[in-house]
Structure formats: C-alpha cells, structure tokens
There are 2 protein chains.
Amino acid sequence: MLQKRYGQIVEFYRLNKRMPTYKEMSVLFNVKSKNAVFKTIVKLEHLGLVKKEERHITLKPISIKLLGNIEAGFPSPAEEELLDTISIDRLLVKNPNTSFLLKVSGDSMIEAGIMPGDFVIVDRSIEPKEGDIVIACVDNNWTMKYLSKENGSYILIAANKNYKPIKPKSELTIAGVVVGVARKYR
Amino acid sequence: MLQKRYGQIVEFYRLNKRMPTYKEMSVLFNVKSKNAVFKTIVKLEHLGLVKKEERHITLKPISIKLLGNIEAGFPSPAEEELLDTISIDRLLVKNPNTSFLLKVSGDSMIEAGIMPGDFVIVDRSIEPKEGDIVIACVDNNWTMKYLSKENGSYILIAANKNYKPIKPKSELTIAGVVVGVARKYR
DNA sequence: TATTATAGTGAACAATCGTTCACTGTCAAG
DNA sequence: CTTGACAGTGAACGATTGTTCACTATAATA
C-alpha cells in the first residue's frame, strides 16, 4: 500500500514536474482526509523515500545500488551527474530557440563517435571556432565536418581516413555548430 | 537580466528538485519585494519558459525542431514552421522509472561510438539479448560491453581491439541494457 | 473478551503562499 | 521639459498550505 502510494507520487512528479499538494494526494490515494496523507508522508519520510524541509516535500534521489558498489574500471563521477541531471534536454540543449535536431546519414564523422543514424543537436546562435564540429555548405553540398584552419583560411576535415580535407573553392557557409549527439538503440 | 534569472530558477530546481517560492526567488534575484518576482515570472511565462496553473509554477520542458538529413539542407522559414518539435528525453528514454544515466569513463566501447565522457541511458527493465550493449558485473568488476554468446554461454566483448573478450568465471550479473547515448560538446 | 496499534475522518490552526494595490525612482523617447 | 514605460518597494489581501487535535472503525494480539 505504501509502495503503491509512493509510486503514485513519483508518477505525479514526473508528469507535472512538481510534488502534489496534500489535497491532490488525497485524491490520488482516494482518501478523504488530509491527515491520512500527512501520516503517509511521515512514513515515507521514515523510509527515506521522501524528504521534508520547512514544509517543502521533495523526492529523495533513489540511490542506484549499482553505483555504490562500483570498483575500479567504472565511473564514480556518474553518481552526482545522475542525481543532478533533471533532463537530457537541458543537459544537451542550451538555446532551444536556435537549436534543432539533424539525422546523420554519412560516416564521415565516425571516428569522432558520430555514427550513421545518430541525431546531432545543432546550435546556430554560437560562433564557430576552430575544432568545432560544424554543419557547413561547400560548393552547394551540406556536410558535417571538423572546422580547422590552414594558411589562415578555413578548411573542413572529416573524422574518417577515407575522406580528404575540403578546401572550399568559393565560399564557406556555416549553418551551425554541433553541440550534442543523441543515439537510440533498439 | 531575464535570462540570468531564468538560469537561477533552473539552477535552484536542479539542486532542490522543486521550484523556489517567491520569497526564495527574491533572495536569488537580490530584490526585496515579492512583487518584483511576480512581474519577472509573468514575463517568463510570456516567453514560454515557465508555466503557471492554479498558482503552481513549473518549468516548461525543452523541445527542439527535428529536421531531416544533413544532405537535404535546410528548409525555408515557412517550411520550418511545419516541422514537429520533439523532446530528446522522450526520444531516448522509453521507461523513465526503470532507466538511469551513467557517465562513461573507459574507452572499451570506443569503436561503437561511445566515447569517454559520454552519458549512456541504461534500462534495467528490458531483457538483455545477444548483441545488446550491457552494464555487467564480472568477477566484481563493472563494465560496459557487448553481450554475446559462445558455446551456449554468455561472453562480453569490447568494442576496442585492445581488450580481449571476457568469459565470466563465476557468474554474470547484468544491471541493465544501454538504450541510448548522449554526448555534450563545448 | 479485552487491549492495543493502525489508518482514516473531520474540523480547526497558524503560517505561508501567490497575488494585488498604490507608490517611487529611473531612463529613454517624444 | 514632459511623458510614458519599466522595475522595484512595501504593505495588505484572501486562499491554500502543512500541521495538529480529538475521535472512529478495523484488525490483530494477548
């Protein structure tokens, strides 16, 4: 019963991105008294599932048992990152208005870990610097490459030995800078 | 100024897993009146960064537009309006309650396009199959490897020529299946 | 049977919440 | 200079919040 109610709270939190009030919980739990909710919360607090400070209730981050036991070979910094990351969107996208998603089809950046089928997040509001991965148009062809410099002028370099560096003949249009990669398995 | 305050709110939310009250925001913003906060929130609401319903303030989720392939180039501003916006969270995370984020530190999966510093989304509710990338514990060491089979028993294979396949001596514990990868540049 | 712990009801409480009001100072446009 | 928009102050408002109290119903225990 307690587990079920905890699940209902978590679900509400994921849906609304905030904790339900006692009144809302009384609807969720199907009880008529706020005091019944109050006692439930006290129990959840004793179980360590919920934290209360100054009348503000928050969900305690579920400590992944996996992380506690980690020995050499696998990351420990993951713990804090895991707890603090509220959404992958916010992690990867800094400027939602000037960013968009693009699907990768070629293998020109494969040695940089960008595979065909991946999605790249492109931001066109930030200024391209040397070393950035950019979406550029050379001679009427759109490509994704590393931006580099040679003799003072920009060139595009693939992360794949089979591709040669591109020296733009006429002009080089840069549509945006790749700020993130997202890949989905299965 | 508005952007800065929005950032402060997001930061508070990330830290406390709840929205700050107006009083708390007045401390964050370094203003003395709750009304100044109120007006700020109204502005953020008009910008679409924040949502208010029944006196409950929440952060609006980030979503960005999804374009096609890179080679296809870019749509005109008119066409751009027709594109649908998606959330990377929903794209990568199918089961939010059984998934978690892990930060990669090793280079054992580098040929699969998973680099050190990347984040992997791990789902522990789905059944591992041959060919999946899994988080596994062999002989008290946690690793991320391809799951494969040899002579009817499971083995772990790295995506890096420098690592040899692992044949678990005792038992093989699989914590979850990698269902996605997220990488952040800059 | 008597007892005790448990979960829920319903009413009340002070504290805090978000909101509104009238007002002040500042800075740029007319 | 005058005007008007804008951001902030400080005080007040009712509504809602989490909490507490006394009490009831149920079930398990001795």
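Convention: sequence-line order gives letters A, B, ...; per-chain numbering from 1.
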Would you please name every residue forming a ring pair (Phe, Tyr, Trp, His ring centres under 6.0 Å) with A:Phe119, sequence neighbours left out? none
What residues, two or more places apart in sequence or in another chain, satisfy side chain to side chain donor-acceptor pair (under 3.5 Å) together with A:Asn160? A:Asn162
Tell me which of A:His56 and B:Val37 sits closer to the 5' end of DNA chain D, going by the nucleotide each one is nearest to. B:Val37
Which sits closer to the 5' end of DNA chain D, B:Met1 or B:Glu54, going by the nucleotide each is nearest to? B:Met1
Filter on side chain to side chain donor-acceptor pair (under 3.5 Å), then keep only pairs touching residues 100-113 of chain A, sequence neighbours left out; what's left? A:Ser105-B:Glu71, A:Asp107-A:Tyr163
What nitrogen or oxygen pairs link the protein and nucleotides 3-7 of chain C at under 3.5 Å?
residue : atom : partner : partner atom : Å
C:dA7   : OP1  : A:Lys43 : NZ           : 2.6
C:dA7   : OP2  : A:Lys43 : NZ           : 2.5

Would you give me the side-chain donor-acceptor pairs under 3.5 Å for residues 35-62 of chain B, sequence neighbours excluded?
residue : atom : partner : partner atom : Å
B:Thr40 : OG1  : B:Arg5  : NH1          : 3.0
B:Thr40 : OG1  : B:Ala36 : O            : 2.9
B:His46 : ND1  : B:Val42 : O            : 3.2

Protein-nucleotide distance (A:Lys52, atom NZ; C:dT16, atom P), rounded to Å: 15 Å
Figure out the CZ/P separation between A:Phe38 and C:dC13, and round it to whole Å. 18 Å
d(CD1, B:Ile41; P, C:dT19) in whole Å: 9 Å
Residue set satisfying salt bridge (charged side-chain N to carboxylate O under 4.0 Å, His left out) with B:Lys94, at least two apart, ordered chain then number -> none
Spacing of B:Glu53 atom CD relative to C:dG18 atom C1', expressed in whole Å: 15 Å
Hydrophobic clusters join Ile, Leu, Val, Met, Phe, Trp and Tyr when side-chain heavy atoms are under 4.5 Å apart, directly or via other members; which others share one with A:Ile110? A:Met115
Could you report the tightest heavy-atom contact between A:Arg183 and B:Leu92, atom names first, then the distance? O-CD2, 3.2 Å
Mind jotting down which residue pairs meet the salt bridge (Lys or Arg N to Asp or Glu O under 4.0 Å) criterion with at least one end in residues 12-28 of chain A? Sequence neighbours excluded, please. A:Arg18-A:Glu24
Between atom CG in B:Leu2 and atom P in D:dA7, what is the gap in whole Å? 8 Å
Contact check, residues 16-35 of chain A vs DNA chain D, heavy-atom distance under 4.0 Å, returns A:Thr21, A:Tyr22, A:Lys23, A:Lys34, A:Asn35
